[in-house]
Asks: 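There's a structure below that I have some questions on.
Computed from heavy atoms alone, side chains included, the values below leave out hydrogens, waters and symmetry copies.
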Amino acid sequence: MPQIPQTLHELSVGQLSARSGAAVSALHFYESKGLITSSRTSGNQRRYSRDALRRVAFVRAAQRVGIPLATIRDALAELPEERTPNREDWARLSEAWRKELDERITQLHRLRDHLTDCIGCGCLSLETCVLSNPDDISGEKITGSRLMPERKQPTEHRP
């Protein structure tokens with residue numbers, strides 16, 4: 001892994017990429033989403049402060065466990081003075097994310113358990129399939145789209 005001299009306080013996008021393991025395109029994407037920031041040189045080249053390494057590591061670790069980028073951005077924005085996350089920050093934030101992750105694990109277990117049945121029946125019914133239409137309460141009463149209330153059929157008018 002390339003070493004960055006201690007005297008170097010700003011990193012080019014290539015240096016940040018080499019050191020963090022994130023592709024240059026990923027770093028540009030992270031910046032566009034407000035996860036990291038850069039300054040510009042007089043030649044309009046991006047320069048990242050050294051603390052961007054820790055922020056990129058934080059983002060990548062959170063992504064690996066399935067946390068959406070918007071949630072990660074919100075978590076980073078909560079840090080005082082937009083500082084680099086530390087061990088205590090990670091512990092606090094990861095504890096807050098546990099419930100969301102537990103819910104996803106439950107959903108994945110349910111999908112896995114019903115997958116064999118779905119392949120076995122082959123119906124993929126949009127009205128009753130537990131994979132295509134999970135937890136559909138309205139589907140117990142009616143089928144199809146019901147975004148608008150049904151209109152009553154006009155009654156025959158007699159003079």
Asks: Taking the side chain as every heavy atom from C-beta outward, state whether Glu31 and Ser38 have any pair of such atoms under 4.5 Å apart.
Replies: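 A side-chain contact exists here, since the closest heavy-atom pair is under 4.5 Å.
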
Asks: If I take atom CG from residue Leu108 and atom CD from residue Glu103, how far apart are they, to the nearest 0.5 angstrom?
Replies: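 The CD atom of Glu103 is 12.0 Å from CG of Leu108, to the nearest 0.5 Å.
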
Asks: Between Asp102 and Lys99, does at least one N-O distance fall below 4.0 Å, as a salt bridge requires?
Replies: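 So Asp102 does not pair with Lys99 through a salt bridge.
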
Asks: So, taking the atom named CG in Leu76 and the one named CG in Leu93, what distance separates them when rounded to the nearest 0.5 Å?
Replies: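 Here the interatomic distance stands at 8.0 Å.
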
Asks: If every non-hydrogen atom of Glu100 is compared with every non-hydrogen atom of Pro68, which pair is closest and at what distance?
Replies: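 Scanning both residues, the minimum pair turns out to be OE2-CD, 3.6 Å.
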
Asks: Would you sort out whether Arg92 and Asp89 count as a salt bridge (charged side-chain N to carboxylate O under 4.0 Å, His left out), showing the intermediate values?
Replies: CA-CA 5 Å; Arg92 180 178 47 82; Asp89 296 324; 3.6 Å; yes

Asks: Measuring from Gln63:CD to Leu69:CG, what's the distance to the nearest 0.5 Å?
Replies: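 Gln63 CD to Leu69 CG: 4.5 Å, rounded to 0.5 Å.
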
Asks: So how far is it from Leu27 CG to Ser12 OG, rounded to the nearest 0.5 Å?
Replies: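 Going from the CG atom of Leu27 to the OG atom of Ser12 covers 10.0 Å.
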
Asks: Supply the atom-to-atom distance Tyr30 OH to Ile72 CD1, rounded to the nearest 0.5 angstrom.
Replies: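 Between atom OH of Tyr30 and atom CD1 of Ile72 there are 7.5 Å.
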
Asks: Identify the heavy atoms of Tyr48 and Thr37 that sit nearest to each other, and give their distance.
Replies: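 Heavy atoms of Tyr48 and Thr37 come nearest at CD2-O, 3.3 Å.
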
Asks: For the pair Arg47 and Leu11, evaluate side-chain contact (heavy atoms from CB on, under 4.5 Å) and give the outcome as yes or no after the intermediate values.
Replies: CA-CA 5 Å; Arg47 291 294 184 259; Leu11 309 172; over 6 Å; no

Asks: If you look at every heavy atom in Arg73 and Gly34, which pair is closest and at what distance?
Replies: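 Here Arg73 and Gly34 meet closest at CG-O, 4.0 Å.
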
Asks: Where do Gly21 and Arg60 come nearest, in terms of heavy atoms and distance?
Replies: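 So the minimum-distance heavy-atom pair works out to C-NH1, 3.2 Å.
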
Asks: What are the two closest non-hydrogen atoms of Leu53 and Leu16, and how far apart are they?
Replies: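 Answer, listing the atom of Leu53 first, then Leu16: CD2-CD1, 3.5 Å.
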
Asks: State plainly whether one hydrophobic cluster holds both Val65 and Ile105, where clusters connect Ile, Leu, Val, Met, Phe, Trp and Tyr through side-chain heavy atoms under 4.5 angstrom apart.
Replies: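 No.
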
Asks: Answer yes when Glu95 and Arg98 have at least one side-chain N-carboxylate O distance shorter than 4.0 Å, and no when they do not.
Replies: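 Salt bridge flag = yes for Arg98 with Glu95.
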
Asks: Please check if the side chain of Arg112 supplies one atom and the backbone of Gln107 the other of a donor-acceptor pair under 3.5 Å.
Replies: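 Absent.
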
Asks: Salt-bridged, Glu10 to Arg50, with N to O below 4.0 Å?
Replies: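 Result for this pair is no, no salt bridge flagged.
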
Asks: Keeping Arg55 on the side-chain end and Leu35 on the backbone end, is there a donor-acceptor pair under 3.5 Å?
Replies: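 Confirmed, Arg55 side chain pairs with Leu35 backbone.
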
Asks: Quick one: closest heavy-atom pair of Ser17 and Ala22, and the distance?
Replies: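 In this case the closest contact between Ser17 and Ala22 is OG-O, 2.6 Å.
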
Asks: How long is the straight-line distance from CZ of Arg104 back to CH2 of Trp97, given to the nearest 0.5 Å?
Replies: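 Here the interatomic distance stands at 10.5 Å.
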
